[in-house]
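In listed order, ligands and their atoms are each counted from 1. Every heavy atom of this structure was used, including side-chain atoms; hydrogens, water molecules and symmetry mates were not.
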Amino acid sequence: MTVDLRSDTVTKPTPAMLEAIMSAEVGDDVFGEDPTVKILEQKCAKMLSMDGAVFCPSGTMTNQIGIKVLTQPFEEVICYKGSHIYKYEGGGLAGNSNVSVRLLNGDRGRISPEEVSANINNSADAHQAISAVVALENTVVREAGSYYTLKQIASISELARSKNLKMHLDGARFFNALAETKEKPEEFGKYFDTISICLSKGLGAPIGSVLLYKKEYESKARRMRKAFGGGMRQVGFLAAAGIYALDHHIERLKEDHARAKKLGTALQNLSWVKSVMPVDTNIVIFEVAQGLTPEKVLTKFGEHRIKALPFSATEIRLVTHLDFTDAMLDKCLDVFAKIAF
Ligand SMILES: *Cc1c(COP(=O)(O)O)cnc(C)c1O
């Protein structure tokens, strides 16, 4: 049995999801004629109380379009220093939006109104870039899936609005956060101008992300999707997978969290592990013991057909997901207990 914990993107469609894909009604979405895409976009917008949505091939594209529609060149985006939009999108903010970034430390990636407030530039001073957007990530991938509460988000949004800043949310794992806080998705829309949601992570769709927006950004978001090469044709087949995922795979996310917690607990007392970050959702990040490297540990994992990702010079990341079963969890716990260096 191979166990793949590199990412929650590795899942394959379930038989029922494949059924939904096979029976999707499709049309050319560049002509606005794919009924299934329209259903998906409207469903997502409604779920989070946003005005509309545009279906895209990746979460990188939805984030990049979000920042693009909220900024002008020479402006600045305020975000956590380990944000996906900054660290893992190929320099897209610089290339696509010509913006600079202001990087904040945050508390395990969660930035505070005080930190934001202290990092807003003086727009009257020509030396300083104009602060334009606060971008939050929920959950925070670089910090083992830490999450914000609605109250924290509300206070950042209120501050941002009072300073004339826009709000973007990278909600690649938005529903993982809600599985823990039990908050309602419809409570979130009012705090943001744009929100990116991934269907291809914990929700288990093979491809796809959705950018939700406030009405005034609709035409620019759709124009930018075209300009970025994200206009797709009979893509209702993929939208159908997304609809299926939203209907059937949100409730079960807490199972992934429970399995991740068990992995984290098991790792805590092993000789080859130095420390484990708190496991808040479905991501486990641990540091290997002194004298070891992630590569050495991953080679050993590989001998037992367990795959994980090196996450820094000293860290390894494991992500639980729809295709990670209890039998696989047991295997991991077995292997972790018996390997030695
Ligand atoms: C995966 C991820 C994305 C988008 O990734 P794609 O692979 O481009 O779909 C965005 N933000 C975060 C936090 C992610 O983990």
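- With ring centers used as reference points, Phe174 lies under 6.0 Å from Phe188.
- With ligand atoms numbered from 1 in the order given, ligand 1 contributes 4 (C), 5 (O), 6 (P), 8 (O) to contacts under 4.0 Å with heavy atoms of Thr60.
- Across Pro57, Gly82, Gly59, heavy-atom proximity to atom 4 (C) of ligand 1 is greatest for Gly59.
- Protein heavy atoms are absent from the space less than 4.0 angstrom from atom 7 (O) of ligand 1.
- Looking at ligand 1, you won't find any N or O of Ser209 less than 3.5 Å from one of its N or O atoms.
- Every atom of ligand 1 with a heavy atom of Asn63 under 4.0 Å away is listed here by number and element: 10 (C), 11 (N).
- Between Glu295 and Lys300, no side-chain nitrogen of the basic residue sits less than 4.0 Å from a carboxylate oxygen of the acidic one, so the salt-bridge criterion is not met.
- The salt bridge (charged side-chain N to carboxylate O under 4.0 Å, His left out) analysis of residues 226-239, with sequence neighbours excluded, yields the pairs Asp28-Arg233.
- Between Asn176 and His257 there is a side-chain heavy-atom pair separated by less than 4.5 Å.
- Identified under the salt bridge (charged side-chain N to carboxylate O under 4.0 Å, His left out) test for residues 185-205, with sequence neighbours left out: Arg161-Asp193, Glu187-Lys190.
- Given atom 3 (C) of ligand 1, the protein heavy atom at minimum distance is Lys201 NZ, 3.2 Å.
- Within the listing of ligand 1, atoms 8 (O), 9 (O) sit less than 4.0 angstrom from a heavy atom of Ser58.
- Here Tyr244 and His249 bring their ring centres to under 6.0 angstrom of each other.
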